[in-house]
**Student:** 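Sharing a structure below in structure tokens format, with a few things to ask.
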Amino acid sequence: MKSVRVRYAPSPTGDPHLGSVRTALFNWLFARRHGGTFILRIEDTDQGRRVDTSVLAIMEGLKWLGLDWAEGPADDGRGSKGPFGPYFQSHRLNLYHKYADQLIQTSHAYRCFCSPARLEAVRRAQQQAKVPPGYDRHCRDLPASEVEQQMAAGTPHVVRFRMPQEGATSIHDLVRGDVTWERKLLDDFVLLKSDKFPTYHLANIVDDHHMQISHVMRAEEWLPSTPRHVMLYEAFGWQHPQFAHMPLILGADRSKMSKRHGSTSVLAYRDEGYLPDAMTNFLALLGWSLDDKTEIIPREEMIRHFSIERITKAGAIFNPEKLQWINGMYIRALQPAELAEKLVPFLEKPADEGGLPATVKRPVNRAYVSKLVPLVQERLRILSEGAELTSFFFEEQLSYDPALLIQKGMDKAGTLNALKLATEQLDTQPVWGAHALEELMRALAEQLNLKAGQFFGAIRVAVTGRTATPPLFQTMEVLGKERSMARLRQSIDMLAAQA
RNA sequence: GCCCUCAUCGUCUAGUGGCCUAGGACGCCACCCUUUCAAGGUGGAGACCGUGGGUUCGAACCCCACUGAGGGCGCCA
């Protein structure tokens, strides 16, 4: 195989979405697998839809996921790096004009002076007549004299491809096998718009050729435009790259994933606390598999084993629950110190963005976070759950319903008594370690003739304000004696005061 | 309407003619572990492999038709 050069060619019209990023991932994996080159090219040929922040967002998304490009926009998002640049199509206009002219010279293309209004009317008529929509080739065979006249008059025009009407065009798609189209069903698509910008079709072919792209890996939605591209390559006398059309990522309703299906920007997943490795692992599994059983696949393994042959053909519904599960697996695999570091920014977010309550001072004490992290590591699925899971570690004042203190099979008086005894004994406890605390309290439970679950349950609520927490005595150890004792005493007051 | 693609548990998938009375994973349920919640372990429910025809000694796997779903049909990519 000649050297692998693949590109990810998004148009900067918004944040990078999941489907788009999955395409980037597959291209990147393929390049890595074959020691090839992964190229980022910005297809900004639509001035109307261009969103300025988009290029930065796309690069941010790729960087976050660790998908580095050898050629493409430079890190500042302005210049380009790599030998075939620039990698912004809007900076390559001369090239497209040159090739559009060449196509006109060789009669593979022609100028079309039809107004948008006329095109619209034609389309409407076609719709009414239930005829396949498409350009009616009005200008395909305009006399040279009229073309000259229109040009002299400065009439806005586009350049269209003169689609041959005989025969068929086939490709051998690496994912789908042979696919064939009747040429007479293909219309005379636009190559150059009246604003002198190329369409996607022209720019794409010219650039893929000039950048020596070996494999075009893109989503299935591009399959229908592939015969047009192949015809263009032929018109230029160029060899076309190999094609591989990947399955679409679908929403729950089985339609193409879009904004309608909720937050689909990868950056939103980053902000919710998904780990980049978990994200790539999950995305890779949407349309590709390593074997019949492996789910957690380290990046290096992914690279080693990635192959187009194992890409699925059918579209895949995005399953958020599985993503959460995978993320949980990656969180558990983290070193506690790493997790602590990743968690802190999420804890410090404003309360209404999922951070700790507003009453908790920022910045949080990192040493303290490091101590509690081991207690919540296996209970976390995404980083943004951290604040909810740990807020009682930080709060000065707990607020909860005192009735929660009374455990199943116990009453108020019994609970009060148990809590008082616990408080007394704990108060004299010199060594505030989980093990010692547990021994002491187990003995007391026995003495009180209470089940450990009952007794510990009451203490748990007293100390944390919750019924579900990390292991009680470890929690108390992290909380510290002073804070634990204060909470115990407060619980007694609250319960006693309750009617 | 026309063109193209696709079709195995709810979901992601394994499966390329006999190893399939269809395997794994998420989710769900139960049990074990256990001071709660998780994590972990074990087990379970869950797919007559879209339907109907072929081919073959034998089909989830090959062929045809149908049906269904999706994508495309812009001076958007």
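Proteins get letters first, then strands, A, B, ... in listed order; numbering begins at 1 in each. Just the heavy atoms: all of them, side chains too, but no hydrogens, waters or symmetry mates, feed the values below.
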**Student:** Could you walk me through whether A:Thr464 and A:Tyr400 satisfy the side chain to side chain donor-acceptor pair (under 3.5 Å) test, starting with their C-alpha distance in whole Å, then the side-chain angles of each, then the deciding distance to 0.1 Å, before giving a yes or no?
**Tutor:** CA-CA 9 Å; A:Thr464 67; A:Tyr400 58 92; over 6 Å; no
**Student:** Which nucleotide, B:C3, B:G10, B:G40, lies nearest any side-chain atom of A:Met329?
**Tutor:**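 Between B:C3, B:G10, B:G40, the one nearest the side chain of A:Met329 would be B:G40.
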**Student:** Can you give one letter per nucleotide of nucleotides 71-77 of chain B, going 5' to 3': B for a protein heavy atom under 4.0 Å from the base, S for sugar-phosphate only, - for none?
**Tutor:** BSB-BBB
**Student:** Using atom C1' of each nucleotide, how far apart are B:U55 and B:C61 to the nearest Å?
**Tutor:**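 Their C1' atoms lie roughly 13 Å apart.
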**Student:** Round to the nearest Å and state the distance from A:Phe318 atom CZ to B:A25 atom C1'.
**Tutor:** 16 Å
**Student:** Quickly work out the A:Leu444 CG to B:U35 P distance and round it to whole Å.
**Tutor:** 16 Å
**Student:** So do A:Trp432 and A:Met476 actually touch side chain to side chain, heavy atoms under 4.5 Å?
**Tutor:**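 Yes; the side chains approach each other to less than 4.5 Å.
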**Student:** Under a 3.5 Å cutoff, is there a donor and acceptor pairing between the side chains of A:Tyr200 and A:Asp46?
**Tutor:**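 Side-chain D/A pair, A:Tyr200 to A:Asp46: absent.
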**Student:** For A:Leu380 and for A:Trp181, find the nucleotide of RNA chain B with the closest heavy atom, then tell me which residue's nucleotide is more 5'.
**Tutor:**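 On the 5' side of the pair lies A:Trp181.
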**Student:** Cationic tip of A:Arg160 within the cone over A:Tyr135's six-membered ring, i.e. under 6.0 Å and within 45° of the normal?
**Tutor:** yes
**Student:** Pairing check on B:C19: which nucleotide meets the Watson-Crick or G-U wobble criteria with it, both distances under 3.5 Å?
**Tutor:** none
**Student:** Does NZ or CZ of A:Arg111 come closer than 6.0 Å to the centre of the six-membered ring of A:Phe113, within 45° of the ring's axis?
**Tutor:** no
**Student:** Using the P atom as the point on both nucleotides, what is the distance between B:C33 and B:G18, in whole Å?
**Tutor:**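 44 Å, rounded to whole Å.
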**Student:** If we take the P atom in both B:C49 and B:G43, what is their distance in whole Å?
**Tutor:** 27 Å
**Student:** Any donor-acceptor pair, under 3.5 Å, between the side chain of A:Arg460 and the base of B:U35, if you only look at N and O atoms?
**Tutor:** yes
**Student:** Tell me: CZ of A:Phe456 to P of B:C37, nearest whole Å?
**Tutor:**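 Computing the A:Phe456:CZ to B:C37:P distance gives 15 Å.
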**Student:** Would you mind telling me which of A:His108, A:His210, A:His201 makes a ring-ring contact (aromatic ring centres under 6.0 Å, His included) with A:Tyr99?
**Tutor:**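 It is A:His210, the one option of A:His108, A:His210, A:His201 that forms the ring-ring contact (aromatic ring centres under 6.0 Å, His included) with A:Tyr99.
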**Student:** Between B:G10 and B:U51, how far apart are the two P atoms, rounded to whole Å?
**Tutor:**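 Approximately 13 Å lies between the P atom of B:G10 and that of B:U51.
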**Student:** Starting at CD of A:Glu385 and ending at C1' of B:A39, how long is that distance when rounded to a whole Å?
**Tutor:** 14 Å
**Student:** Using purine N1 to pyrimidine N3 plus N6-O4 or O6-N4 for Watson-Crick, or N1-O2 and O6-N3 for G-U wobble, both under 3.5 Å, which nucleotide pairs with B:U11?
**Tutor:** B:A25
**Student:** How would you label the contact of A:Arg466 with the nucleic acid (heavy atoms, under 4.0 Å): base, sugar-phosphate, or nothing?
**Tutor:**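 A:Arg466: no heavy atom of the nucleic acid under 4.0 Å.
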**Student:** Distance check needed: B:C6 P versus A:Met246 CE, whole Å only.
**Tutor:** 14 Å
**Student:** Across all strands, who's sitting opposite B:C76 as a Watson-Crick or G-U wobble pair, both distances under 3.5 Å?
**Tutor:**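 Pairing partner, where one exists within any strand: none, as none qualifies.
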**Student:** Return the pairing partner of B:A69 with a 3.5 Å limit on both distances, Watson-Crick or G-U wobble; otherwise return none.
**Tutor:**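 Looking at the geometry, B:A69 pairs with B:U5.
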**Student:** Distance check needed: B:U36 P versus A:Ile406 CD1, whole Å only.
**Tutor:** 20 Å
**Student:** Is the A:His240 ring parallel, tilted or perpendicular to the A:Tyr233 ring (thresholds 30°, 60°)?
**Tutor:** tilted
**Student:** Tell me, yes or no, whether the heavy-atom count around A:His91 atom NE2, taken from other residues, nucleotides or ligands under 6.0 Å, exceeds 12.
**Tutor:** yes
**Student:** Write down the distance separating the P atoms in B:G52 and B:U67, rounded off to the nearest Å.
**Tutor:**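 Those two atoms are separated by 15 Å.
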**Student:** What's the gap between B:G71 and B:G53 when it is taken at their C1' atoms, as a whole Å value?
**Tutor:** 29 Å
**Student:** On a whole-Å scale, what distance lies between the C1' atoms belonging to B:C63 and B:A77?
**Tutor:** 38 Å
**Student:** Give me, pair by pair, the N or O atoms of the protein and of nucleotides 13-19 of chain B that are less than 3.5 Å apart, along with how far apart they are.
**Tutor:**
from, atom 1, to, atom 2, distance (Å)
B:U13, OP1, A:Gly287, N, 2.9
B:A14, OP1, A:Ser289, OG, 3.2
B:A14, O3', A:Arg310, NH2, 3.4
B:G15, OP1, A:Arg310, NH1, 3.0

**Student:** Checking base pairs now: Watson-Crick or wobble, both atom distances under 3.5 Å. What partners B:C37?
**Tutor:** none
**Student:** In a check of side chain to side chain donor-acceptor pair (under 3.5 Å) between A:Arg442 and each of A:Glu446, A:Glu438, A:Glu439, which one passes?
**Tutor:** A:Glu438
**Student:** Closest nucleotide of RNA chain B for A:Leu185 versus for A:Lys322: which of these residues is on the 5' side?
**Tutor:** A:Leu185
**Student:** When you compare B:G58 with B:C62, how far apart are their C1' atoms, in angstrom units rounded to a whole number?
**Tutor:** 13 Å
**Student:** Evaluate whether atom CD of A:Glu120 has more than 12 neighbouring non-hydrogen atoms of other residues, nucleotides or ligands under 6.0 angstrom away.
**Tutor:**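 Yes - once you tally the heavy atoms of other residues, nucleotides and ligands closer than 6.0 Å, there are more than 12.
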**Student:** Rounded to the Å, how far apart are A:Lys313 NZ and B:U8 C1'?
**Tutor:** 14 Å
**Student:** Figure out the CE/C1' separation between A:Met410 and B:U35, and round it to whole Å.
**Tutor:** 13 Å
**Student:** Out of A:Phe318, A:Trp325, A:Tyr274, which residue meets the ring-ring contact (aromatic ring centres under 6.0 Å, His included) rule with A:Phe282?
**Tutor:** A:Phe318
